[in-house]
Amino acid sequence: MSFFKRMREKFAQQTDAVTERFKQGLAKTRNSFSAAVNDLVKRYRKVNEEFFEELEEILISADVGVSTVLDLIDVLKDEAREKNIQDPNELKSVITDKLAEFLNKGERDTRLNIQEGAMTVILVVGVNGVGKTTTIGKLAYRFVNEGKKVVLAAGDTFRAGAIQQLEVWGERVGADVIKHQEGADPSAVIFDAIQSARSKQADVLICDTAGRLQNKVNLMKELEKVRKVIAREVPNAPHEVLLVLDATTGQNALSQAKVFNEATNVTGIALTKLDGTAKGGIVLAIRHELDIPVKLIGLGEQMEDLQQFDADAFVYSLFSNMLEGEV
Amino acid sequence: MAFEGLADRLQTTLQKIRGKGKLTESDVNEMMREVRLALLEADVNFKVVKDFVKRVKERAIGQEILQSLTPGQQVVKVVHDELKQLMGGEQSKIAVAARPPTVIMMVGLQGAGKTTTSGKLANYLRKKLNRNPLLVAADVYRPAAIDQLKTLGKQLNMPVFSLGDEASPVEIAKQALEKAKEDHHDYVIIDTAGRLHVDEELMQELSDMKEVANPNEIFLVVDAMTGQDAVNVATHFNEQLDVTGVVLTKLDGDTRGGAALSIRAVADTPIKFVGMGEKLDQLEPFHPERMASRILGMGDVLTLIEKAQANIDEQKAKELEKKMRTATFTFDDFLEQLGHVKKMGPLDELIAMIPGANRMKGLKNIQVDEKQLAHVEAIIQSMTREEKMRPEIINASRRKRIAAGSGRPLQEVNRLIKQFEEMKKMMKQITGMQKGKGRKKGGLQFPFMQ
């Protein structure tokens, strides 16, 4: 069965809020991407070398990344040859099929690893300006709404105003914030936060950290230490290490994922600002080149706009208007 | 290091043809494909890449290269020239208003680094241009953005104008200008709220602020790691606001920074500054020439020299040179040199600026531990005056004492002394070499490089 048949069946019944949010948040990517593919298909009568070259460009311009694109194009060429597809229109469904296949590759659980009856510790890491603190605020909001007691650790002791920013979020969503003064050792802050969260019998402790570029060796070591402190104080913790990536980032996102993973054993990726970019393609590159699941995506500025990632919903939202009228 | 990936890739490609006497058209095609992929991987916008490759190819296939004796060199030159051209002409300056204050508005997407860059720019204006800027906190949306700017102001010991987060940004801009005139500030830097460029409402607000503040410069702050979208961002802001310059941030990361090329090529907005670190003095003017060299792995020698000149005075350098020649270089001199090197900035950044460093075996991806430097200092400072002057008198019991005094293991003391002696020998050889005496193989080994 083609991907779209399957999807239509899956999503036909549930036009629920989540799918709507996906569709809205990905509107920009969808419009630019499927418009380009549609236009391409219209212009060519036959599938040939130039057709694939242009398709390559469309994918690259969506930040899918060179090596992923080259792999994908190879697969598509093989498929076209095998099935002797000449009509570009026919190739359209092959394209979506293969994209979905790439996204679903090595399908992983995208749910957060939440402990029942014990404290869950979540460590949040990433480079500067990707939206770590905001993501923490939204995550906290979600947990509080589920009736959980949440404690936030102000581990970004470096950037001016970072502690206040987290405090504002704490107040907004109703979570305690454990902090030291600016310039303090982040490991010490996290240590204190663990003790405090424990005595308050918190369900979830979310640890903020300072943004750091992944090529700063000393700063990455600092992060390793923070992780060690958590692992020492709470058995089996951190239960989640979330790497926050900015969806507008280009291919450097892959380098970020690689290096942060080495230092902290990243368990999941939170992709922010997806609604602001027409280039959601980096999701594809991450799935294709790295074995780290995308767990959360930010689809807007509202508190509810941080959503659990769903590969099917993602592809469906991306192509829903492109394959309109097709079965 | 910025652009290193691009440099590496181009280098392997170009190395293949470097040795060749003549180029066939298929050579050129293969090479252009590599150049194209390298640029795309570096996040250069694909349209820009297309034009770029076309231009280079035209020049490459033309007689210019095919008939030249060293085609490899020619291609490097063509690529370099085109890159340079793509990134724009001369280094740009900051405008000065006929009637002060000069107003600079900082705009950009969320998380690009507007607030930090505002602080850096204020510092730059004061330190390099002797100005008296007023920072204005107009980001009333992001939690604690105002606190952030105030903290930066405190660090810089500079006034920050704020009306809290209840006032409208337009009102803030208006009052800030009055305040600046009153207090005789010659520059006003307005930090605005970041936005996703979808947000027309906030865009309108920026336009309104522009109306009121009548800025001489509008700087668009762009994250150097931005992907293909960089072009759209720049175009969009430019259409709405007539951006006068771009500041590229986070270039100290390992991003290849193709965004720099794209923005310059498509949006036709000059890049004026680059952010090179988290500290407030790490804002540097953008040099297209240097950047092009860096892209091609030719090293950023000019910046290195500039840094050295800023930190070492000439008199002392001459003395040092004499000492090196006569091998009367002591631990004291060594300590002083360490101090200079440290002042120039993180070592790994310095090494990355050395031409070809990324291809040298020992230097590639070298990770310099700054702590190691501190240890070396501690050991030297635990020596007596006499020991520093005449290291040869340091015997076993002295070594033990030095180890205890510095809190470092004995082996480390031994290693340092041994390396120091070797370094002295090396210096003799190097200075001897310059006079045309014998050449010896082997690299210069500093005690803090392992």
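What's counted below: heavy atoms across the whole structure, side chains too, no hydrogens, waters or symmetry copies. So you know, we letter chains A, B, ... as the sequences are listed, proteins then strands, and number each from 1. A quick note: this is a predicted structure, and the numbers were derived from the prediction, not measured.
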#### Entry: Pair E278(B) + K216(A), salt bridge at N-O below 4.0 Å
no

### Query
Under a 4.5 Å heavy-atom cut-off, does chain B meet the side chain of I163(A), its backbone, both or neither?
neither

### Message
Taking CD in Q155(B) as the centre, count heavy atoms belonging to other residues, nucleotides or ligands within less than 6.0 Å. Is the count above 12?
### Response
yes

#### Entry: Rounded distance [0.5 Å steps], CD in Q256(A) versus CE in M225(B)
5.0 Å

### Message
With rounding to the nearest 0.5 angstrom, report the CG to NZ distance, D229(B) to K273(A).
### Response
12.0 Å

#### Entry: For P143(B) against R172(A), the heavy-atom pair lying closest together
CG-NH2, 3.6 Å

### Query
Roughly how far, to the nearest 0.5 Å, is the CG atom of N232(B) from the OG1 atom of T248(A)?
11.5 Å

### Query
Given that the side chain runs from C-beta out, which part of K47(B) has a heavy atom under 4.5 Å from chain A: side chain, backbone, both or neither?
neither

## Note on the structure
Applying a strict 4.5 Å limit to non-hydrogen atoms, the region of V69(A) in contact with chain B is neither

### Task
Could you tell me whether the side chain of N215(A) reaches within less than 4.5 Å of the side chain of D252(B), counting heavy atoms only?
no

### Message
Could you check whether E56(A) pairs with R36(B) (Lys NZ or Arg NE/NH1/NH2 to Asp/Glu carboxylate O, under 4.0 Å)?
### Response
yes

### Task
Kindly compute the distance separating OG (S67(A)) from CG (L40(B)), expressed to the nearest 0.5 Å.
11.5 Å

#### Entry: Under 4.5 Å from any heavy atom of chain B - which part of L219(A)
side chain

### Query
Considering only heavy atoms, which portion of T249(A) lies under 4.5 Å from any heavy atom of chain B: side chain, backbone, both, or neither?
both

#### Entry: Heavy-atom closest pair, residues T151(B) and A160(A)
CB-CB, 3.5 Å

#### Entry: Spacing of I282(A) atom CD1 and Q228(B) atom CD [to the nearest 0.5 Å]
10.5 Å

### Query
Under a 4.5 Å heavy-atom cut-off, does chain B meet the side chain of E167(A), its backbone, both or neither?
neither

### Task
Could you pull out the closest heavy-atom pair between Q165(A) and A144(B), with the gap in Å?
N-CB, 3.2 Å

### Message
How long is the straight-line distance from CG of D246(A) back to CD of Q110(B), given to the nearest 0.5 Å?
### Response
9.5 Å

